[in-house]
Amino acid sequence: MKNQIVLQGIQYDEKSSYITGPALAPPLIRKAYRSDSANYFAENGMELRPETFNDLGDFEIKDYFDIEKITAQNLNKELPLITLGGDHSITFPILKALNALHGPVQILHVDAHGDLYHDFEGDPYSHACPFARIMENKLATRLVQLGIRTLSTHQREQAKKFNVEIIEMKEYALSKLPQFNKPIYLSLDIDALDPAFAPGVSHYEPGGFSTRQVLDIIQHIKAPIIGADIVEYNPTRDINGMTAMVSAKFLKEITAKILENNTVQNG
Ligand code: MN
Ligand code: MN
């Protein structure tokens with residue numbers, strides 16, 4: 001399979017509220033993807049060699065507002081887009097670019113955090129805010145969040161205001177996973193995982209998903225997927241590149257799922 005999916009790396013972490021580091025992630029996720037320690041077969045049997053991607057490389061971002069412009073240039077109406085972040089602030093400008101091409105989407109958001117703050121320490125574009133901006137700008141008709149385990153009173157109010165469907169971590173079960181009737185965008189914040197599985201993140205929030213649980217979520221998606229991001233991997237906090245490998249595994253399995261679902265849809 002060749003050039004089935006557009007891949008872009010967004011090297012940007014200026015909207016991180018605690019520590020930086022995710023800007024370093026995209027080349028390390030690619031390196032892990034190509035590592036000789038694993039092969040290119042996804043669990044569904046598809047072989048996803050690097051040529052599967054129309055890989056546009058990594059973009060070093062200086063100005064937050066360039067993310068939308070660069071994504072718009074990289075987008076292709078025929079092909080799904082996967083973005084390697086970057087902190088989670090990048091999802092709002094990506095969705096803006098995607099919206100211009102496809103209209104509003106439905107979103108499956110996997111994260112320890114709701115990222116629904118109206119502003120965080122005065123910044124409305126902080127990585128704690130992207131889903132408030134996305135909902136205010138009507139870039140999504142539905143937002144489902146999984147793995148959440150840090151909701152403040154303000155974020156609960158925001159969730160109510162925007163009709164966000166939250167399955168909190170404490171009540172999560174695979175059987176509760178909603179299905180979507182429209183193409184979706186998948187936004188995967190690596191800190192949704194328990195830090196035991198993914199220590200390379202800025203915000204350690206114990207009590208999260210295992211790697212297997214997130215793979216199960218990906219593999220249970222039945223709707224076509226028009227875009228996805230993998231964000232918040234922070235190499236400065238990683239141990240032996242293990243979180244890079246987890247991120248690369250998610251890249252492979254998300255790609256497999258996209259190709260599986262979108263093929264069914266087309267054929
Ligand atoms: Mn997040
Ligand atoms: Mn998070």
Side-chain angles (χ1 to χ4, degrees), residues 10-26 29 64 67 82-96 107-121 123-136 139-140 143-152 154-156 158-159 162 164-170 172 184-211 213-214 217-218 227-238 243 246-247 250-251 254:
I10 297 292
Q11 298 198 263
Y12 183 78
D13 58 19
E14 294 296 309
K15 297 294 183 188
S16 296
S17 57
Y18 178 55
I19 49 170
T20 56
L24 304 168
I29 299 173
Y64 180 67
I67 299 170
I82 299 181
T83 303
L84 305 176
D87 72 37
H88 218 156
S89 70
I90 70 171
T91 301
F92 171 51
I94 290 169
L95 263 288
K96 271 169 90 180
I107 299 175
L108 181 60
H109 168 207
V110 185
D111 201 325
H113 312 96
D115 293 351
L116 286 164
Y117 280 89
H118 175 69
D119 66 84
F120 199 80
E121 292 166 352
D123 186 355
Y125 303 113
S126 162
H127 74 159
C129 308
F131 292 91
R133 298 292 85 74
I134 286 165
M135 297 313 278
E136 273 168 12
L139 305 181
L143 173 58
V144 176
Q145 297 186 327
L146 307 177
I148 311 299
R149 52 191 185 276
T150 55
L151 286 179
S152 62
H154 167 67
Q155 290 208 87
R156 285 188 195 280
Q158 291 281 90
F162 297 126
V164 184
E165 297 163 58
I166 303 179
I167 300 172
E168 288 187 57
M169 193 69 227
K170 63 181 163 66
Y172 171 79
I184 67 160
Y185 184 87
L186 171 65
S187 188
L188 175 51
D189 182 327
I190 294 295
D191 70 27
L193 296 186
D194 194 281
F197 293 89
V201 295
S202 304
H203 302 264
Y204 286 171
E205 194 60 46
F209 286 125
S210 68
T211 306
Q213 283 178 304
V214 173
I217 290 166
I218 294 166
D229 59 50
I230 299 169
V231 297
E232 296 284 347
Y233 164 43
N234 186 337
T236 69
R237 305 261 276 177
D238 206 4
T243 313
V246 169
S247 303
F250 290 152
L251 172 60
I254 290 169

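Read the numbers this way: they start at 1 and go in the same order the structure lists the ligands and their atoms. Values in this document were obtained by computation on a predicted structure and should not be read as measured data. All heavy atoms count here, side chains included; hydrogens, waters and symmetry mates do not.
- Among the atoms of Asp189, an N, O or S atom falls under 2.8 Å of the Mn ion (ligand 1).
- Thr150 places a side-chain N or O within 3.5 Å of a backbone atom of Ala112 that can act as its donor or acceptor partner.
- The nearest N, O or S atom of His109 is not closer to the Mn ion (ligand 1) than 2.8 Å.
- Between the Arg133 side chain and the His118 main chain, a donor and an acceptor come within less than 3.5 Å of each other.
- Here the two rings, on His109 and His88, have centers that are under 6.0 Å apart.
- Taking the Mn ion (ligand 1) as reference, His88 places its N/O/S atom ND1 nearest.
- Between the side chains of His113 and Asp111, a donor-acceptor pair is found at a separation under 3.5 Å.
- Although no hydrogens or angles enter the test, the distance criterion places a donor-acceptor pair under 3.5 Å between the side chain of Asp87 and the main chain of Ser16.
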Ring pair (Phe, Tyr, Trp, His ring centres under 6.0 Å) between Phe162 and Phe131, intermediate numbers included
CA-CA 9 Å; Phe162 297 126; Phe131 292 91; over 10 Å; no
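- Taking 2.8 Å as the threshold, Glu205 does not count as a candidate ligand of the Mn ion (ligand 2), since none of its N, O or S atoms lies below it.
- With a cut-off of 2.8 Å, the Mn ion (ligand 1) has an N, O or S atom of Asp115 in range.
- Nearest to the Mn ion (ligand 2), among the N, O or S atoms that Asp111 has, is OD1.
- Residue His113 counts as close to the Mn ion (ligand 2), with an N, O or S atom under 2.8 Å.
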